[in-house]
**Q** 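Encoded as structure tokens, here's the structure I'll be asking about.
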Amino acid sequence: MDALLQDLIDEHRNDKSRNSMIDHLLSLQESQPEYYTDAIIRGLILVMILAGTDTSAVTMEWTMSLLVNHPEVLKKARAELDIQVGQECLVDEPDLSKLNYLQAIISETFRLFPAAPLLIPHMASNDCTIGGFDVPRDTILLVNAWAIHRNPQVWNDPTSFKPERFEGGEAEGHKLMPFGMGRRSCPGVGLAQRVVGLGLASLIQCFEWERVSEKAIDLTEGKGLTMPKLKPLEAMCKARVIMNKIL
Ligand code: HEM
């Protein structure tokens, strides 16, 4: 793995015409060589791959599972795409800001199935009090975002999949925290929102989706660092008109 990442760094070192994250890290290496060593850059690339790929992939799988279980929501998302983007060209990043219903679907998926349900362990840097509990310095704290997202005192009808709640005022405040909060919250949030949004928008724009049988998709959670589905999603798809134009 180290050799592969080093090759990647060397490739970018030899071709400075790009505008990638590695190029920016290499230019920091020029001004601060003692900190931005190749080993640090290799570590940064690795952490981005580890923290960024599985989280985004499981979120898309949970969303598609919820959509095939709720064909009326899928139909509404498809209608929004047809109005805002159409069937002439493939959805692109600038379109995402027009897809409010799709954003609501993604937020509702993050609420029910946050990819990192316990966030990442935090350590109290000082003695503090949280919710009436005294927490001594150096205590390791876990935030159960999964439970907060399903707390009936915080959300109406918390176990139901209702993207519309994000169109009304229900989600105001800091009740939704799939990326954590504050100084150590996820630095990849912007990229993740784009990757997940664009991936799902393309799947909905290009294909009709259905369950493989009458039976609802099983939404049981499996075990893992990021929260996978216990049973991987299987679904059927049929190409839409746009596929004839883009292939
Ligand atoms: C759907 C996608 C993603 C989800 C749900 C997610 C969620 C999270 C969560 C919950 C945390 C811990 C926050 C906390 O404990 O307060 C975190 C940290 C982190 N995430 Fe993400 N993430 C996603 C995508 C990404 C991407 C695309 C990247 C980078 C390319 C990334 C990089 C990181 C890094 C480096 C940290 C550690 C930050 C620190 O400790 O200061 N994540 N993420």
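Remember, it's 1-based here, ligands and their atoms both numbered in the order they're listed. Quick note: residue numbers are just sequence positions, from 1.
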**Q** Under a 4.0 angstrom heavy-atom cut-off, which atoms of ligand 1 come close to Met48?
**A**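 So the atoms of ligand 1 that pass are 30 (C).
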**Q** What's the shortest distance from atom 10 (C) of ligand 1 to any protein heavy atom, and which residue and atom give it?
**A**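 Scanning the protein heavy atoms, the shortest distance from atom 10 (C) of ligand 1 goes to Pro178 O, 3.2 Å.
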**Q** Please enumerate all residues that pass side chain to side chain contact (heavy atoms under 4.5 Å, CB included) together with Ser185, with sequence neighbours excluded.
**A**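 Ser185 satisfies side chain to side chain contact (heavy atoms under 4.5 Å, CB included) with no other residue.
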**Q** Give the contacting part of Ile120 toward ligand 1: side chain, backbone, both or neither, where contact means a heavy-atom distance below 4.0 Å.
**A**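 It is both parts that get close, each with some atom under 4.0 Å.
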**Q** Sort by chain and number the protein N/O/S atoms that are closer than 2.8 Å to atom 21 (Fe) of ligand 1, and list them.
**A**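 Only Cys186 SG fall inside 2.8 Å of atom 21 (Fe) of ligand 1.
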**Q** Please name the residue in the list Glu167, Glu164, Glu80 that meets the side chain to side chain donor-acceptor pair (under 3.5 Å) test with Tyr101.
**A**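 Testing Tyr101 for a side chain to side chain donor-acceptor pair (under 3.5 Å) against Glu167, Glu164, Glu80 leaves exactly one candidate, Glu164.
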**Q** Going by the atom numbers of ligand 1, which of them fall below 4.0 Å from some non-hydrogen atom of Thr59?
**A**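 So the answer, numbered in order with elements, is 1 (C).
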**Q** Ignoring hydrogens and geometry beyond distance, is a side-chain donor-acceptor pair present between Gln84 and Asp95 at under 3.5 Å?
**A**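 Distance-only check fails for Gln84 and Asp95.
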**Q** Taking the non-hydrogen atoms of His122, is any one of them nearer than 4.0 angstrom to ligand 1?
**A**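 Flag set, His122 near ligand 1.
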**Q** Give me the nearest non-hydrogen protein atom to atom 13 (C) of ligand 1 as residue plus atom name, then the distance to 0.1 Å.
**A**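 Of the protein heavy atoms, Arg184 O, 3.5 Å lies nearest.
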**Q** How long is the span from the CG atom in Leu90 to the CG atom in Asp92, to the nearest 0.5 Å?
**A**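 Interatomic distance, Leu90 CG to Asp92 CG, rounded to 0.5 Å: 7.5 Å.
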**Q** List for me each residue that meets side-chain hydrogen bond (donor to acceptor under 3.5 Å, both in side chains) alongside Asp23, sequence neighbours excluded, and say none if there are none.
**A**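 Expected list: His12, Ser20.
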**Q** Could you tell me whether the side chains of Arg240 and Gln205 share a donor-acceptor contact shorter than 3.5 Å?
**A**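 No.
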**Q** Identify the two heavy atoms, one from Val91 and one from Val85, that lie closest to each other, and give their separation to 0.1 Å.
**A**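 Closest pair (atom of Val91, atom of Val85, distance): CA-CG1, 3.9 Å.
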**Q** Tell me every residue that passes salt bridge (charged side-chain N to carboxylate O under 4.0 Å, His left out) with Glu61, counting only those two or more places apart in sequence or in another chain.
**A**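 Glu61 satisfies salt bridge (charged side-chain N to carboxylate O under 4.0 Å, His left out) with no residue once adjacent residues are dropped.
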**Q** Tell me whether Glu108 is salt-bridged to Lys162, with the criterion being a basic N under 4.0 Å from an acidic carboxylate O.
**A**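 Looking at Glu108 and Lys162, the cut-off is not met.
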